[in-house]
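In what follows, a single structure is set out as structure tokens and then discussed.
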Amino acid sequence: MLDKKVVKLLNEQINKEFFSAYLYLDMSNYYYGKGLAGFGNWFKVQAQEERDHAMLFLTYLQNNGQEVVLTAIEGPDKKYDNFKTPLDGALEHEQFVTASINTIYEEALKVKDFRTLEFLNWFVKEQGEEEKNAEELIQRYDLFGSDAKGLYMLDSEMGARVYAAPSLILD
Ligand code: FEO
């Protein structure tokens with residue numbers, strides 16, 4: 001039996017991960033609309049990863065005999081002023097998700113829920129990578145994005161990203 005507060009936070013995390021998928025799909029749509037199909041692809045793959053994250057939280061709750069509570073997913077209301085705005089937004093959002101995962105971790109630690117801590121370890125590591133990727137994108141855009149040729153190359157590179165299933169597998 002898992003602690004009630006931990007279960008509540010895990011359920012809320014499902015919503016946050018699906019919202020992340022929505023947010024990144026919105027960014028993907030923005031870039032496709034601007035003719036930057038590589039950026040569009042990159043964010044579409046990112047959205048697929050977020051859906052996977054949501055499903056991992058859902059499966060973890062199911063595997064532990066807990067009720068899964070699905071709530072309404074907010075629509076993204078991001079206004080993108082220029083090509084860089086979504087990149088800054090993505091980093092900000094990942095920092096928000098990291099804080100959210102850390103909150104669940106703290107709660108699980110408080111009640112000595114070692115099973116959930118073990119599950120969350122993958123996400124703690126993953127968030128480190130997510131923030132690093134978002135930071136690198138900003139850095140690369142700052143370096144190459146202001147010049148048309150550089151932007152073209154960057155877009156081509158981002159178009160090569162392919163979806164891969166998460167390394168964490170829950171039966
Ligand atoms: Fe599911 Fe990008 O954190």
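Atoms within each ligand, like the ligands themselves, are counted from 1 in listed order.
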Mind checking the CG-CG spacing from L36 to L154? Nearest 0.5 Å is all I need. 9.0 Å

Got a sec: is E49 within less than 2.8 Å of atom 1 (Fe) of ligand 1 via an N/O/S atom? no

With respect to atom 1 (Fe) of ligand 1, please indicate if E94 possesses an N, O or S atom at a distance under 2.8 Å. no

Name, closest N/O/S atom of H53 to atom 1 (Fe) of ligand 1: ND1

Relative to atom 1 (Fe) of ligand 1, which of the N, O or S atoms in E17 is the closest? OE1

Count the heavy atoms of every other residue, nucleotide or ligand shown that sit under 6.0 Å from CD of Q62, and state whether that count exceeds 12. yes

Please find the N/O/S atom of E130 nearest to atom 2 (Fe) of ligand 1 and write down its name. OE2

Are R51 and Y163 in a cation-pi contact, defined as NZ or CZ under 6.0 Å from the six-membered ring centre and within 45° of the axis? yes

Run the salt-bridge test on E118 and R115 with the 4.0 Å N-O cut-off and return the result as yes or no. no

Can you tell me if an N/O/S atom from E50 lies under 2.8 Å from atom 2 (Fe) of ligand 1? yes

Pairing of K84 and D142 as salt bridge, 4.0 angstrom limit: yes

